[in-house]
Structures are given as structure tokens and as C-alpha cells.
Amino acid sequence: MTGRQLITDAQNTWCPGCGNFSIQHTLKNLLADMEKEGKDLDTVVLVTGIGCHAKMADYINVNSFYSIHGRAIPVATGIKLANPDLTVICCVGDGDAYAEGLDHLLFAAKRNIDITVLVHNNRVYGLTTGQYTPTSPLGFKGKSTPAGTLEFPMNPLDLLLASGATYVARGYTRKMEQLKTLVRDGVLHRGFSFIDILQICATFFPMTDYYNKRTYDLPEYDRSVFDLACSRAREWDYNGDAPIALGVFYQREGPTLDKKVDRVIRSVQERDNAILDFLASRQ
Amino acid sequence: MTGRQLITDAQNTWCPGCGNFSIQHTLKNLLADMEKEGKDLDTVVLVTGIGCHAKMADYINVNSFYSIHGRAIPVATGIKLANPDLTVICCVGDGDAYAEGLDHLLFAAKRNIDITVLVHNNRVYGLTTGQYTPTSPLGFKGKSTPAGTLEFPMNPLDLLLASGATYVARGYTRKMEQLKTLVRDGVLHRGFSFIDILQICATFFPMTDYYNKRTYDLPEYDRSVFDLACSRAREWDYNGDAPIALGVFYQREGPTLDKKVDRVIRSVQERDNAILDFLASRQ
Amino acid sequence: MVHETSVLVGGKAGEGINSAGMVVAQLLNRLGYYTFMYYDYPSLIRGGHNFAIIRASDRQIGIHRDAVDYVLALNQETLERHEDRFDERTVRIFNSDVVRDEGQGVSVSESLKAENAPAIMGNSTVIGAFAKAAGIPWDTVVNVFTRHLPKGTQQNLAVAKRGYDQVAAVNPITPVGDRCCSLVSGNEAAGLGLVAGGITAYVAYPMTPSSGLLHFLAENAWNFGVSVVHPENEIAVILMALGYSYAGRRAAVGTSGGGFCLMTEGLSLAGMAEIPIVIFVSQRTGPSTGLPTYTAQSDLRFILNAGQGEFPRFVAAPGDAGQAYYWSAVAADMAWRYQVPAFILADKTLSEGMYSIDLEKLPMFKTGAYHAWDGMEQYRRYAYTDSGISPLAFPGAAGAIVKVNGYAHDASGITTEDGGIVSQMTKKRLLKGENLAAGLKDYDTVDLAGVPSAETAVICWGSVRGACLEACEALGIRMVQPVVLSPFPDQKLRESLKGARRVIVVEENATGQLAALLRLGGFQVDATILHYDGRPLTPDLLKAHLKEVLQ
Amino acid sequence: MVHETSVLVGGKAGEGINSAGMVVAQLLNRLGYYTFMYYDYPSLIRGGHNFAIIRASDRQIGIHRDAVDYVLALNQETLERHEDRFDERTVRIFNSDVVRDEGQGVSVSESLKAENAPAIMGNSTVIGAFAKAAGIPWDTVVNVFTRHLPKGTQQNLAVAKRGYDQVAAVNPITPVGDRCCSLVSGNEAAGLGLVAGGITAYVAYPMTPSSGLLHFLAENAWNFGVSVVHPENEIAVILMALGYSYAGRRAAVGTSGGGFCLMTEGLSLAGMAEIPIVIFVSQRTGPSTGLPTYTAQSDLRFILNAGQGEFPRFVAAPGDAGQAYYWSAVAADMAWRYQVPAFILADKTLSEGMYSIDLEKLPMFKTGAYHAWDGMEQYRRYAYTDSGISPLAFPGAAGAIVKVNGYAHDASGITTEDGGIVSQMTKKRLLKGENLAAGLKDYDTVDLAGVPSAETAVICWGSVRGACLEACEALGIRMVQPVVLSPFPDQKLRESLKGARRVIVVEENATGQLAALLRLGGFQVDATILHYDGRPLTPDLLKAHLKEVLQ
Ligand SMILES: Cc1ncc(C[n+]2csc(CCOP(=O)(O)OP(=O)(O)O)c2C)c(N)n1
Ligand SMILES: Cc1ncc(C[n+]2csc(CCOP(=O)(O)OP(=O)(O)O)c2C)c(N)n1
Ligand code: SF4
Ligand code: SF4
Ligand SMILES: [Mg+2]
Ligand SMILES: [Mg+2]
């Protein structure tokens, strides 16, 4: 379907000022560009978890699988394995992908399955009205931790690097031009692409000033050097007040699972014969 | 209970030559030593998942929680939070803790909960008769992957370092003296201790020769330097034929979750009053 | 004569409709009324339409009605959407900055400006106007604001006064006494009950509509002496809680359907390993993510049958805050007395509805003892006893080796594959279930109300009790509410139904889950009234349905 | 006259009891017999006691008997443990290296030494000895070894010949014809059925007793054109499979109770999002880890009610390999035709039992069509239709935007919170269930056997069918086996029970789960025979129980 309207008629219910708008805009523009460049948008699938971020499935007018909390990644993996011609993009939350379903995220990286994961990392559970997530800073006062969390946040970049992701980037919803490049490069990357997006939650964690002050663009460097990527990734630990680098931390080419898997298509006749052959072997 | 028999009467059903015997022996000796040094073994709890490794719960004559596949760690966390005076040791499998329940392992590290985790890493599902696990080498021919796996293994040390573990070590079931030291130091360590134990599976992955040839002891170095630990941890990627270091890769002190948590004990009277106070506040 | 009134407050999500509603409820509370507040909101944070209906009555009520006597409209949509609820007598109070209507408009922006107050205080203008329109003395407003809006009380009052002064007392509400109840949500009541039942650890992952319980206990953790933990996911939740229980602390968990799915493996472990655990499940419209913020009673069958294998469980479905308090405490007790999983099965209406609890009438719950190890004989975690209940000891207890096990095990907790022991242990567990059922004979597991002698009976469960009670009273019908659903209270139910010739089951689901349970128990069910659009049945709607069925 | 014989092979885990048993079964197969093999082993890899009972009969059988005519003892324990199964006519063949007994001893070590063969071939000596004792021509042995022990056949045969030559033909087994069946396990049969039903992706995490299906499909992935994926855990399993289905490939998953728990949230998603999925669950003794390698029928209620909310599901519980084949194919079809989750509910006895399938009689299954989008009108994933079934399209289809959603949604798949749409969509889903039930009218959902006109009827489900059938035939009882358990085949069951005056339900669980289902459906149940020690009911034991009940 060409020239489609890229945004559905669904009523948008994000809060005013929410960073999700930027991500929606980024996706929309990217899709528009891709279509212009000849991409058939009927082959794009958006998979989401559950959370504010996940409403993207309702809003973007492409194929979508609005799955359950924490489980977008295995769905996306199944889709890509079933049909490697599809372009599969996941919009997931930090509660969603770093807490509820962390294992799936790391296994997708390990498998280097060719999907692109956008983590709408607002560092809070938005839709359930403000509890801490694995990336909330130490001492965060959310509704489940009114006296402040006792846990140091995780560094998702570090974890994803350790898990074998072949494209690791960080964006920020207030840097939309860059964000678009990061997402586009992620989608184009052959392999597992991970983009942690610092997303403003206007209602429960409005960090605009904080991020505006601290974010900076990664300088040019050899993205394929793992150790360099690691030290870059560790500069900011999602807790302290260090400078926050944005850009692509790491990228390398590697065989992807979806390309490695055998996909033999058998006719009904072939299958019936295979069944009979097997049974005969057991006589 | 002092002078107890440390091994139960349960019939041992590990295969002859299984590396689990070494781990059992290590634990037994360690417990015996600890008791001699005045430790009350009634305060020791062993928590296991499900797999060959997990039979430890039946065999070692201390308090135990024989839990379910992949879920030993949250059980252990609950026990330690409930009663920080207990010494909590987990025996888990690589299928168990690296596949089924990976997230729990990483979150325990993130929380720096003061428990000790022994991963019986035989790099295969033993009890279910030989399928690949997340640490099986690429191309491993297990029953679920008769043509060889397509996935590169994960490096658990790297992941645990990225997750915030404060004690990260690797042992080998054929190096029992060292293993005992590693486990003892892990138990003594205040914080989350992780010991990946290369365990021989005599039946499905008998790697004795391989490991004997490649393992070596880590030289003395400053264990508290994270980057050093990382590069040491990456020397062998659980796949290629690099030398395999054994010993403590990383150790540092840090506040543990169980010590940070408030534990207010309220009398029945205090609780009743608190209920009434709350209700009164809503009048 | 029945005194009663209903107020609707409506506006956009994020405009503080819920707290405005609570202040209104407290105002009516101060007039001696029992109140109930229903809060209706879609699953989003800002925008969208939210509304609260606060109903006040001189009798205990557990649900709102369709029609309202006052509407407080913070936007135009409120008046449009709810037109059906209004008649010509409805008092319409609105923010004249954004709403055009006949009636009593007050300008929020002007009040704020005049008092130099922040936008967040805007609703106070409208509340003030309502108070005046309803003839509520200014003193009462001062009293309620002081107690319940402690932050910036004076400024809030000043803003409210501007609303108060702008309108006329068109339809004064008669005070009915000086009773002053405590207004609590079902979630809060359950939390209080858990505390009364001795719970000292609450582990949960947020999920609407159960999150309120997590927030409530987290907020009051220190006062109640409850450790509150919010781990990585629901699998961790139940397994951590089992760790707590094993170590000797009474633990509870809370969730809704999707999260409960993830707990079922831990549930079966609790059943096999005989570890006490309390599980609070609040239902919402399913399947799957469904309608997160709307109600349903469609998980009963799932809760009753979840987990592989067979083991006894306790399930109570309270119908209002009072029952939530009491049965949550009982659930904690049952879990520990019989070493079984004990469920409190709530629903969105109950969880997030605000109820009146009369403090004067509140019984203090005495936590029962559990079967503790006497320290004499060698400790065996699964020792056979006449009751099927083995003595409990906890790690750290001198001389006890406490081995729990999710495999089939012998009396010591060591794995066994011996067929004889396996069936004996199964019998042991089922025996606990029989004793649990027997133990419940002393409890009012079935509530009989309405017109107890009527030949027509309505059977219901959970929060739909509120609507049923009123409809039954109005139509001269008997109302029977089994509060405990497992073990199924056959006998008490049979007694409650004695002489009933026509039985109608009312449920908020599409397949009649309680009706099936009744049929299974050999009970007659003549008709079902099933409602499943996510909105609670009101007495009005139910009455209409009942009349149809009874024709 | 009934021709039949039973052989027990016993030894330590790791000694190849299972494959020895299979060779024995093939030998008997070559004599024209139908066979059944039961394999009993504890949950460990080496050591412990394993045994197989191979029963051969000139009629189709689906279970073993208690007594055996031959015992092949690889260790002393075998003779001790199974004494009850022997009488003075039992032919005792044993490895004289390690067993002392009267009877026919053969020295395994000597044969191996003489042939310079590896230890792994040791069992061949004993099998050879058995063949001779049972009067099986050497040719037949050669034939079976050649076909079924392709590795080192000659050496194996040489070792076997040493056993063959050492003993006497004490109790020759009469050949009964030249029928030669295919011997397959229930798991394998289910796998073949899935392939016949068009499944092209199988996703599973290993779990006894379902792992055999994973291994079987993985081994034959290329031939069958099935992608086999073993992901990190069962949550990933079902969600990946739903991804496959969404993308247009028929996907199935397999597991046992504990793993199924972890799939329940995905199940409810499948129900809501109307994504076809086939779920193979093989039961073992529960609760929790229970007895991993022993059988049970205690997850029926769980399977029927798992997942929050209400949605239709198809559940078939095959009773033998033939049914497993057929109903697995049907399940795949039903999942796709009605866009619902379809279960194949097996148990350890079925999964790991080896059955005879008569290739001559095997129907080739024709996969039915599903309701595909015609590409004409605008695609709407949940378009309302008269059947409740919306046309299917897959991402990549030109012009279709395929939006699936676990939230309550409208016809396009966009989230909605509108009460009217929500209840309409609920009705749509339930309507599919009604149509599924109606569609099943054309299938033999209930098997009527034994003595169909008898006034006493036994109702059973799953693998216990094997024992029931024989016991019923022996005692002149009617046997009724509902194969489909959801939608419950009320009418067919009523027909099958016409004229039955006494109904006995036989199940391998402790609470009577089918019995409850029957009562719920208004069926009379006069007695239950419940058996739950992990070991399958044999016709002998069941007959004894039945006689007791019938007294
Ligand atoms: C299994 C399960 N547990 C809990 C929930 C409730 N829930 C819905 S959204 C959400 C949090 C979402 O947080 P995040 O993923 O960070 O997304 P955000 O709203 O911040 O975009 C939770 C806990 C659920 N839907 N399913
Ligand atoms: C939820 C669940 N899934 C699957 C299983 C089956 N299972 C039992 S042990 C095991 C594998 C164990 O492998 P590992 O953890 O490596 O332990 P090992 O036997 O190698 O010591 C599996 C998959 C289970 N018990 N529970
Ligand atoms: S709560 Fe936060 S993340 Fe959610 S819509 Fe509002 S601003 Fe955005
Ligand atoms: S299968 Fe492997 S891990 Fe398990 S007991 Fe045998 S040797 Fe040990
Ligand atoms: Mg978030
Ligand atoms: Mg292992």
C-alpha cells in the first residue's frame, strides 16, 4: 500500500510534552523516507510491549503486534524467523524490557536476530503511574518506593554489549534529528540493533533540563572496537552526574540468526511422503 | 545442631564421574570447616533450581529449599531479606540460571544481595538428557539441535560484571582445592557472590581433557579493578580455544540490599493501633 | 424515607478528578452519610475522560446509581457524555472558563488569579460551589479541607470560598446524623486486613487494579511493620514471597490476571511444598491486557484451577471494603493454619471503589495460631499427622533441618519416586483441604441478605454484591453471596437457599463462572444475568434485568 | 483364543533398557503381533532401576499387563523388584555375570570378549537368548537388527548369536500373521499428526515427558519442513510461536505442567488477539516438579481454565498413538479454522509409550482451509462476520495492514475502551466457540467401545483408555472415551451413554477432574476410580477396582 496515511485515526492519549511524541514523529518520518526510497511498507511490522510507549502500535499505521508486558522481543523474534523479508521494529519500555522481560532482550542480542529495538527509556513505569524501573536512579521516590529506591540502576548499554548486540546506540527524545539517524541506521543494520532512548516522561520523570545539560554527541571513533564501546558506555552509569553520550557506541557485522536458520518449504505431498517414510522406518 | 552428619541418607543418583560430586564434596568440607570455626549450621540454607545440580538439596544435610527450574535466586533473595542472619547458598544449573531464569540472576547481582550462587555450568541440560544451553559452544549437537546450534554462547562472567556482581569467580570441578577456596571466599564475601563452575557432565559433555588442557590459575592482580576483570573475563568466550582462567576475577565491597532494607518488627498492639490510626485519618 | 444523593465529578485525566471526588465524599461523610465512590478512567495518564460518582445514603451502600443529583463539570464533555444521568432537577455546577451551560458556572481561572493560587487548586473552586449549592456549612468545608488537603489548606480554602460565594444553595442536602465513617478503598481495606492477619512482607509488581495495594502498603510500611518489595517481575514476586514464608515471615503478593499467570508455577510449588502464601488478585476486563482500568469477574475459574496438579486452596471474594478487610485477615490466617495458598479475589470495582467503614463497628481481628514445631522430636517438615498439617519450623531454629521440596517427597522433604509415598502425600495434602473446609464451618462464608425468606434468590459474588443487595431489597428478593469460593461452602449455601424456588445468578462475566460452580455442586440455577462491558452493574440496570428475567 | 505375551527387560538407568525393549518389541512385531511398550524410569541419568514391559497381542492394545511371561534381567534387582509379576512359567533370562538365578543365564562379558565387542552391545546377548527361548527364528533376529540397529549390525548380531545359541527354546511364541506395524511413541505420533495438520514451526523448551516431541521434530526438521526452535524459556516459547502464527506459519509449542504455567499469559493473549496456536501438554505427576518421569491426568481442569478472561479453546486428549496422530492434525486445523488455541493433552504413558500403528489403515489427513482474506475490501483483522471468524491476512500481504492486539480492540485491531465494542467483541469470540462446537459435530469426538449396549459404562480420558478398554471388554462393560474435552461434546456423550444405568469414571488423578466436568454437564456419575501413584493403571488393577465398585 503506497502513499498511506502513516498515523492512524486512533485518539492519541500521551500527556502533553511526552517524549513519546518525538519517537512517534521519528518513526513516521523514517517510514515516509523509506517509502520514498522504494521500501514497501506492507513489509514493516511494529511490535510493542505494554506501557505508554506501546501505544505506538495503535498510532502508527503499519502492521503491528500489540503484545503483552515485557514480551515484545520474543514475538518479534518469531515473526522475523517466520519471514525474514519483514522489517521488524520493536517499541518497548524500560519497565517492559529491562524488568519484566530482560532475559528476552539479552537473548535476542545473543542470537543477533535482525530486528531493531527502541527502548523508550523514561526510567519510570509511566502507564502504571510512576514506580521505579531498573534504570531509575538510586533513591528514586516512586509509588512503590516512597522512601526512595535502595537499588543502583543497571546500565543497559553495558548489558547489551556483554550480550552480543551488534548495534548499540543511545538517543534522546529532545534530539530528534540524531534520533532519526540512529533509528534509521539501526533498521538498516543487519543484525540485532538496540537503541536506548532517553525519553522524557512529562508527568512522572521530567528530566529535560537534566538531560539537556549533560548530553553530548559521541565524537567520531571506531565503533567496531568493543573495549572502546564499553568504556564509552560506562562513562555515565544512569545514576551519577557524568556527561551523557549520545550516538552509536558499537556496531559490527555478524551472521544473523534469521539468515542462519534453514527454512525448507515442503509441499503437502512431500510432507505426506515424509510421514509415510518415517512410519515405514519403524516397521 | 552440631556434629551432624553432613550428607543425608538420600540415594545419590549422579552418573559416575559427574562433576557434581566435586561440588558436593566442596560444600561438605566447607560446611565442616565452618562448623569447626564456630558457625551454627542451622543458619545455613541451600536453595536449588531443578536439574542434576539441584539434587544437592537432597544430599546436603542442611536447611534447603528445592525450588523450581530457574527460580532459585528469587527464593534465596526472599529468604535473605526475611532473615539476614541466614547464610544463603544457591546451587543452580546453567540451563536453570542462564536460560530459564537469567533475569533473576542479573537482578540479584544488581541488588548486591548477600547470597552466594554456584552455577554448576556443565554447558548442557543434564537432567533432560542433553540439550544445548546458553553456554554450549556454537555448533553443539544436542537433542534439540541435532544439526548443531546456531547460537554463539553467552559469557556469563561478562554479563554478571555488567550487572553489578561484587564477587565474580570461576572454578572447575577437577580443581577441588581451588574450588573450595573460591566458594569459601564467596560465602564470606559480603554481597552478591557469583561462581561459575565448569562442571564435567560425564554423560552429555565430558570436557575433562579440554578443560585440563586449557585451564590456568589467574595470577595475582588487583581484583577490584573492574576493567581488568572485564578483559580477564573476555579472554575465553566459552566458545573458542583460548586459555581458561580460574580464580576470582573481581571483588569489591559495597552496600548489600539485605542490610539496606528497613526491618521494623511491630507488636500486635502496634499493628492494631496503626490500623486504627490509619482509619481515623480517613474520617 | 431514604435519604440519598449522588454527585458526579468529571473532567480530563490528570485534572485530579479522583481527589476532587474524595473531597466531595468527605463532605457528604461529614453530613452523616455512608458513601460510595466509583472512579472511572481509561488507561492513560492525561487527557481522556475521567469521572467519579460519589453517592451518599443513610444506609451502607456498595455501589453508585446511574442518575446523579449534582454534576461538577470541569469540561464540556462531562455534560455531554453523562446527559442520560441528568434530569431537570440535577444541579449543574461547572467551570465557566471552559464549559457553557445553563446552571451555576464558576470561573476557576478568576478564583485562582484572585488568590494567586496554582492551577492544581482549581478544583477547589468547583468543590466550594458544590458545597454551597448542597447547603453544606462552610465550617464543614473548612474541616474537611484541613484534614484531607493538608498541603496549602488555607489557599485551597480561599479558592474554594470564591466558589462557595458565587452560587446559591439550590438543593440542600439534609444532614442525617453525626456518624463519621472512614473512607477507604477496597485495596486499602485489604491491606489493613493483611496487616491485621499478621502479614509482614508484601511483594508485588505494579498492575492495575491491584497497584493501589502496593502503593498503600509501601506508603505505610514503617507504621505497619511490613516489608514491601517490588522486584523485576511477577515470577520473582511469588518466589521471593515463598522465600519469605519459608524463612518464617507471613508474606502476601498482589497482582491482576496477566501477572497472576506468571505466578501459577510458583503457586503449584507452594501447593506441593506446603508453603503458606497469600495471593491478592484483582480482576479487570480480559482476556489478556483487556481493559486495564475496567472491572470484570472473569478470572474465578482460572484462580480456582490454576497450577498443575491437585492441592487445596482457600479463595475468598469480598464484596465490599468491610469484607475485604475481614477476609484478607482470614486469608492470611488460613494460609498459615493449613499451609496452603490463600486467595483474596477482588475486582476493579472493589479495589478502587471508596467505601465507608464505620470505625465503631470494626472488629479487631485476632490472628490465629499455626501448627508450630515443639522442638521435641526430630524435625520433619512433612511429618504425617492426623490433620494432614505438619508442624512448621524455620531455618535458624536450633536443631531443625527444614527441607522444603517441590518434587514429590517423603516426610523429611527428601525427593522420592515411591508410588506409595507419593499417593500418601497426595492424600495428606487433600486431607488439609478437608480440614480447611471443616474449619470454615465457624465462619460466615455465605452472606444471606436482601429478603431472606423470599422464594426468589439472587446469587452473586464479589463487588456485584453492592448492586444485588439493593436490587434484591427493592424487588423483594433474597440475596445470597458466597464469600468463600474454595473450599466451596456447599452446606452453608444450601442453608441460605432453603426454600428458594427460583435462583438467578448475577455475574460480571460472559460465561457464568459462579453459575458453573453452582451447577457442579448440584445447585439449581434457573437464570443468569451476565454483564461484561467493563462497567459495574448498577442497581438500576440490575433491577431492569431482574424484572425481565422474572417476567 | 487370544494370543498374547509379555516381556520385561530390567536393569540400571544408562544400560540401554529402552532400546533393548524396542528391539524386543520389533521381534514380536515381526511375528505379526500388535505391541505396546511401557518404559519406567526414575528422573536420573545413570543408576536407579529402569524397566520396560513389552506386551504383544493379536489385538490392538494400548497398555501393558502386570504379569510377564519372560523376564530379561540385566541385574539382580530386576528379579527382586518384579517378583510379583512372575509365576513358575515365567521364562527367566539373565546376565549370568551379575545375576544369580535359576533359569537361563548367559554371560554377557564372555560374548563381548569372544566377539571383541564394546560394552554397549552387551544387551544383544540377552536379546539373542530371549529370541531363542521364545522360538523366534534367527532370520527374524537378523532382519530386526539390520533394520533397527544399523550401527555395527554385524557385530551386534554376532554377540546376539552367542546368546541365541546358549539357551533352549523353552516357551515358543506362536506367530500370528505377517502384519508388520510401525512402532511409534505417542510423542512421535503427535509429531506426525502436527506435520499432517500443516504445522511448519515447533517451538519448545525441554520438559519431560514432552521433550520426545521436541527431539523427534528436531531430528526430522528437514524432512518434514518444520522449523524447530528451542528458546530461553517457555514464556519465549509461546510468544515466539505467536510471532510465527501472526506471520502466517502454523506454529505449535510443547511442554508439561510447570512449563505450561509460564505460557498461560501468552495463551490469554492468543485468546484475545485470536492468533491460532497449537499447544501440546504432556502431563506428569504433580503438583510442581512432582514426579517428572511418571504419569498423571491431573492437569485437565488447569488446561480448560488457564488464562485470565474468557475465550474459546479446543482441547483433545488422545488415548493412544493412533488418536494422537489424528487429533494432533485436527488440533492444528481447529486452531487455524477458528483462530483459537488448540490443545493436545497427553500424559507420560501416552507420550513415551510405544504403540503399533498399522500403516495400511492409516488415513492421510487433509488439512482444512482457513478463512483467508480475499484481498478485496479494506483489511480489518477483527472484522465482524456471521461466524465470528475474521478473515486472516499476514504482514507482507499487499494492501493489508494487519494489527493484532491483546487489549480490547475494535474491528481494525485498535485499542478501545468503549463498553459496547468490548462486549460485542466478547460475543464475537464466544460465537467462534459455538461454531467450533458445531463444527465438531462431524468428528468422532467420543469413542464408544467395549460392550456398547451394556448398562454399566466406564467413562475415561487419555491414555487410561488402554486399560479401560480391556477391563470393559473382560467385564462386559461399555467404554466411553470423550476425546475432545473442550468444547465439551455433550450431545455425542449423551448418545454414547444412552441406556447406561450405571456410570463409573476412571481417572489418574486424586480429585476426579473429568467426573467434575461430567457433573457440570448434568451427567450422572455413580462412582469414580482414582489412581494417582504415577504408575499407569493396568487392566488387571482396574478390573479389580471395577469388581469392587460393581459389587
Ligand atoms: C504481566 C504484567 N505485569 C504488569 C502489568 C502492568 N503494567 C502495564 S504497563 C506497566 C509499566 C510500563 O512501564 P514501562 O515499560 O517503563 O512503560 P512506560 O509506560 O513507561 O512507557 C506495567 C507494570 C502488565 N500489563 N502485565
Ligand atoms: C519450567 C520448567 N521447564 C522445564 C523443566 C524441565 N527441566 C528440568 S531440569 C532441566 C534442565 C536442567 O539443565 P541445567 O539447569 O543445566 O541443569 P543440569 O541438569 O545440567 O545440572 C529442564 C529443562 C522444568 N522442570 N521446569
Ligand atoms: S506518563 Fe509519562 S510516558 Fe506516559 S504518556 Fe505521560 S508523559 Fe508520556
Ligand atoms: S547427566 Fe551429567 S550432570 Fe547429570 S548426573 Fe550425569 S554426568 Fe552429572
Ligand atoms: Mg518506562
Ligand atoms: Mg547444566
Side-chain angles (χ1 to χ4, degrees), chain A residues 10-18 20 48-55 57-58 65-71 93-104 122 124-134 136 140-151 154 201-205, chain C residues 12-16 18 41-50 77 187 202-223 227-237 254-262 284 286-293 352:
Chain A
Q11 192 207 339
N12 189 303
T13 58
W14 285 319
C15 310
C18 174
N20 281 319
T48 70
I50 296 291
C52 294
H53 62 274
K55 297 184 175 185
D58 278 342
F65 193 128
Y66 204 151
S67 86
I68 49 179
H69 187 53
R71 317 300 172 189
D94 50 328
D96 196 61
Y98 297 154
E100 182 73 71
L102 177 65
D103 39 0
H104 309 305
N122 53 4
V124 74
Y125 292 89
L127 195 59
T128 49
T129 71
Q131 299 84 3
Y132 84 109
T133 71
S136 303
F140 179 85
K141 290 191 168 59
K143 284 196 182 151
S144 61
T145 54
T149 60
L150 303 174
E151 289 186 38
M154 67 166 57
C201 174
T203 301
F204 298 110
F205 208 33
Chain C
K12 277 198 293 224
E15 286 191 334
N18 197 10
Y41 62 104
S43 182
L44 48 82
I45 308 302
R46 297 212 187 291
H49 181 66
N50 285 14
E77 196 181 357
N187 277 339
Y202 183 73
V203 193
Y205 187 87
M207 186 158 193
T208 310
S210 70
S211 308
L213 177 51
L214 169 62
H215 302 160
F216 171 64
L217 289 176
E219 191 62 49
N220 295 281
W222 178 265
N223 295 339
S227 303
V228 175
V229 190
H230 160 187
E232 61 271 28
N233 58 31
E234 290 88 349
I235 300 178
V237 164
T255 188
S256 184
F260 176 67
C261 286
L262 297 169
R284 59 195 220 185
S288 199
T289 309
L291 295 181
T293 60
E352 303 195 344

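What you see below is based on every heavy atom in this structure, not just the backbone, and it leaves out hydrogens, waters and symmetry mates. Just so we're on the same page: letters track the sequence lines, and every chain starts at 1.
- Side chains of T133(A) and F205(A) form no contact here, defined as non-hydrogen atoms less than 4.5 Å apart.
- Of the two parts of S67(A), only the backbone, made up of N, CA, C and O, holds a non-hydrogen atom closer than 4.5 Å to a non-hydrogen atom of chain C.
- With a 4.5 Å cut-off on non-hydrogen atoms, I50(A) touches chain C through its side chain but not through its backbone.
- Applying the salt bridge (charged side-chain N to carboxylate O under 4.0 Å, His left out) criterion to E232(C), with sequence neighbours excluded, gives R111(B).
- If you measure heavy-atom distances from S43(C) to chain A, the contacts under 4.5 Å come from both the backbone and the side chain.
- Counting heavy-atom pairs closer than 4.5 Å to chain A, the top residue among P292(C), A218(C), A236(C), P231(C) is A218(C).
- Interface residue L262(C): only side-chain heavy atoms are found under 4.5 Å from chain A.
- Counting only N and O atoms by type, the side chains of T13(A) and K55(A) include a donor and acceptor under 3.5 Å apart.
- Using a 4.5 Å cut-off on side-chain heavy atoms (C-beta onward), N122(A) and H53(A) make no contact.
- If you measure heavy-atom distances from Y98(A) to chain C, you find no contacts under 4.5 Å at all.
- Ring planes of H230(C) and Y205(C): perpendicular class, angle over 60° (limits at 30 and 60°).
- For C18(A), no part lies near chain C; criterion is any non-hydrogen pair under 4.5 Å.
- For N187(C) against P209(C), the heavy-atom pair with the smallest separation is ND2-O, 3.0 Å.
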